[in-house]
Structure formats: structure tokens, C-alpha cells
There are 2 protein chains.
Amino acid sequence: MNLMQHSDGKETSATRTAYLTLRQMILTGELAAGEKLKIEQLRTRLDTGASPVREALSLLTSDMLVERLDQRGFRAAPASLANFQEILTLRCALEDMALRQSIANATPDWEEKLVLSHHRMKRATADGGIPEFEEAHKAFHMALLDNADSPILLRYCGQLYDLNIRYRYLAAAGTNYRKRNVASEHEDILDAAVRGDASAASDALMNHYRVTGDYLTAPLSDL
Amino acid sequence: MNLMQHSDGKETSATRTAYLTLRQMILTGELAAGEKLKIEQLRTRLDTGASPVREALSLLTSDMLVERLDQRGFRAAPASLANFQEILTLRCALEDMALRQSIANATPDWEEKLVLSHHRMKRATADGGIPEFEEAHKAFHMALLDNADSPILLRYCGQLYDLNIRYRYLAAAGTNYRKRNVASEHEDILDAAVRGDASAASDALMNHYRVTGDYLTAPLSDL
DNA sequence: TTTTGATAAAAAATCGATATTTGTTGACAT
DNA sequence: ATGTCAACAAATATCGATTTTTTATCAAAA
């Protein structure tokens, strides 16, 4: 069945490979927002059949990264300032909920994972490339929420996180996020979370999003 | 391309038909929670090819109504009490948000749609079958939120609504929901919404969910 | 000119067949 | 008896080709 060797050596289906690849291409803007996604074109680009491409696009539809047009194929989800701001607002609402639940369920094991993911993010900030940082950054943010014991909520938070990433890349080709000093903001969140202070952690997280949001709004104002 | 005549005569793709049919079958329990969904079996049952079935299942995966098992096909999402309660909790949180925004944006046009959808639901309660009532009931609840100007939020609310429906069918084969007197609860919500009293409307809506939740928890306790 | 309608090209959706994987059974050795 | 392994059966995943739909082109008519 044409097994694919995934980067780390794990074997995956062609559909999964196509899904991950297309997702990455959309998040980074390699496939531009609003762009028509032609099956044939993607088929050759990913060197796979039409069925896996089609299925991958269907899956991306649920992530709101791809839109399905009636009988006219697919396109990358359009970007707009309104969409960006909606994502920001919802992230604040949902992550506040998730973070408070997560902290309420705090365990030593969770704390350790949290500290670890923060360390890895700092390490990736220092010497990794952008993809490595992005991965570690998401891992940290999701680790904050991961203890919430609410799979659907976490799923939504993850989706919104990814939708937001796309706007980071749009705003500045994904480069200068690290140039702003986010390290202290991340530490504030981590410290409060580990301390078990839900309100402080939530405040710090919301502040982080508000500041980042303001920071990105200007470059995105012409959307 | 094998156009399908949808019930109301609108032409749709085979994929869309399969999606809607399978969704209905899962919501009503015709395809039981946790049940293995074999392509071949569904293919003959829906009288269509493997590709549309496969794509429809992929789409249902994003609705959390179907799970994809690594290389072993699909199954209907399992049901559990924890899942039911998570859905209830999230619905309260998200619909509270959406309803308040909706009311904050109130317009005469929205009010009219709201009243209309409520009337239609009452009418369907009186003389319609279960599917008609279910459709009208969802239309009313979504109409309450529809003015919120937050597409993603509305999407999530719609998803959670559907997930919850499945538990209604599970609890009582979907029959006795109307036997409880929900009419007055619906009227309380409607009145407060039309009056523009967001807090009262939200209280009424939350009460509606809490009561319904309690009502369903007992029959579902053996999940 | 603008509109209309037919025609041709491009693309999407679907089908049928094939290859690959998972699961199952039962003989054989321990 | 129990565990292992090969052969077989069932089901999934994928491909290649076909059908259908949409989009583009262009000539003829208003």
C-alpha cells in the first residue's frame, strides 16, 4: 500500500503524509490563503494519488484550514482581520477555561512535563530553526492546558492555535516572533502555573495573547 | 458524475449525500456508538462507490462523530458518560458566550427570525414527526446564537449540539424529549432574548441545559 | 459592441480494480 | 496444553481510468 517513511522513520499512510504536508504548507503560507487547491497540481507536488490528496483536504476542512466549494474543489481558507481577531478572542476564552481546569487538576507529573516543555522551548529558541521553535512553542502552550481532562476543549484549543500560527507567518513570514521578548511572558505563565495560582496564570496567559495580538494587528491591517 | 437528487430536489454530490446520510444514521443510533464502519458494507448500503464513503467518513471525523483508526478503518465515535458531560459543560460555556454576543448585536431582523423559528418549532412539536421536531429544535437553538458574528464559535456550538443529539437518542430512542415540558423553558429563553435581557436569556438557556442534562443522565448512567 | 449559445478544454468527482495491511485459522514444535 | 509461525481470508488504502461538471473560448446574432 505504498508505505511512506515518515521523517522519524514511523510508517504512515499516504493520506496522513499528505495531510501533514499540506497542513504545514498552509500554515507557513507556502500555499497562500484563499488559493485554489487543484487536485492534479497537489498530486504531482506530493507525488501521490488523487484519493489521498482528496482525503487529506477533507480532513483539513474540519480544521478550518481548507474550504470546500460546492462542486468546484478546494481552496486554502481565506485570511482576514476579522478572522484573526475572532481567533484571538476565542483563544482567550477557551484557553482561560482549559488552563484553570488544568491547574485545578495539577499533579507532580503534569508539573514536570510542563517544566520540561518550557525548557525545550527555551532551548529551541536559542539554537533551533523556526520549525523547531514553532513545534516546541506549541508543545509548551498545549502542555499548559493538557491536564484539563476535556478532550474536546483541548481539540478546539489546538485548532485555534494552528489557525493563529498562520497569521504569525502572514504577519512577518514567521521570523520575528522571537525577536520580541516573549521569554519573560512565558516564564510568568509557567511560574504561576507551577505555583498553582490559576488566576495569575490565566492573567499572564491572557496578557501574552493580548500583547502578541496587538503586535500582529498592525502588519495584518491590510487584510 | 452520478448526480444525486436530494430530498428537496437540490442536486448534490455523492460525497455530500453520503455525509448527510451517515451523519443522520450515527446521530439516531442506526449506526451504534463504537460500531466498526466497514467501507464495503456502507458502500452497498448507500449504493455508492468507496471514494465518496471514505471522504464522507473523513468529514465526519472532524465532527467527532467518527474515529479513524490508524490503518484499520473507521468506527462510529464511542459514547460515554464523561463525553456526555463534557459536551454539556462546553455547550453551557460556549453558548453563553454566543448568546450574549448575539443579543448584544440584536436587530429587528434577527428578532423576527428568532420568533419565526420558535413558532415553527412549536408547530413541529404539535404535529410533526421526530425528525421534523429535531430539525426545528436545532434551528431555534442556532437562531438564538446566529447573530453573534463569530463563525467559528457558531461552528463549535453546532458541532456540540449534534454531539448532544446523539445522547438524546441513546437515552430514550429520541422519543420522550417532548413529553417533558420544555415548551415553557423555550419560551423563557425566547422572551428574554427578544426583550434584550442577555443575563436572563443566558440564565434561562443554562437552566434549560442543566435540567435536560439531569433528565438524561439517569438513562445514560450505564454507559 | 454586447449578449448569447455552442463547443472545447480543464478540473472535479467517482468508479472499478489492484496492492497492501491486518486479522484469523490451524498445523507444528515445544 | 501452549505458543509460534505460516498460509489464508477479509478489509483497507491506493491507483488509474472514466464520467460529469465547471470554466473558458469564440463565433454568430441582436
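A note on names: the letters A, B, ... follow the listed sequences, proteins ahead of strands, and every chain is numbered from 1. Everything quoted here is computed from the prediction, not taken from an experiment.
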Would you say Arg72(A) places a side-chain N or O within less than 4.0 Å of OP1 or OP2 belonging to dT23(D)?
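So the side chain of Arg72(A) is within the cut-off, an N or O lying under 4.0 Å from OP1 or OP2 of dT23(D).
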side-chain N/O Thr48(A) vs dT14(D) OP1/OP2, d < 4.0 Å
no
Would you mind telling me which of [options] lies closest to the side-chain atoms of [X]?
X        : options                   : result
Lys38(B) : dA11(D), dC15(C), dT22(C) : dA11(D)
Thr15(B) : dT12(D), dT14(C), dT14(D) : dT14(C)
Gln71(A) : dT22(C), dT21(D), dC15(D) : dT21(D)

Are the charged groups of Glu30(A) and Arg45(A) less than 4.0 angstrom apart, N to O?
yes
So that I can tick it off, tell me whether Asp162(A) and Arg23(A) are bridged by a salt bridge, with the cut-off set at under 4.0 angstrom between side-chain N and carboxylate O.
yes
In whole Å, what is the span from the [atom1] atom of [X] to the [atom2] atom of [N]?
X        : N       : atom1 : atom2 : value
Glu40(A) : dA17(D) : CD    : P     : 12 Å
Leu46(A) : dC15(D) : CG    : C1'   : 15 Å
Glu55(A) : dT12(D) : CD    : C1'   : 10 Å
Arg43(B) : dT14(C) : CZ    : C1'   : 12 Å
Ile39(A) : dT21(D) : CD1   : P     : 17 Å
Asp70(A) : dT21(D) : CG    : P     : 12 Å
Lys36(A) : dA10(C) : NZ    : P     : 14 Å
Phe74(A) : dT21(D) : CZ    : C1'   : 15 Å

For Leu37(B), report the nucleic acid contact type (base, sugar-phosphate, nothing); a contact means any heavy atom under 4.0 Å.
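If one applies the 4.0 Å heavy-atom cut-off, Leu37(B) turns out to touch the sugar-phosphate alone, with no base involved.
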With a 4.5 Å cut-off on side-chain heavy atoms, are Arg75(A) and Leu69(A) touching?
yes
Starting from the C-alpha separation in whole Å, work towards a yes-or-no answer on side-chain contact (heavy atoms from CB on, under 4.5 Å) for Met25(B) and Leu46(B).
CA-CA 11 Å; Met25(B) 292 201 297; Leu46(B) 304 186; 4.1 Å; yes
Which label fits His141(B) and His208(B): parallel for a plane angle under 30°, tilted from 30 to 60°, or perpendicular past 60°?
parallel
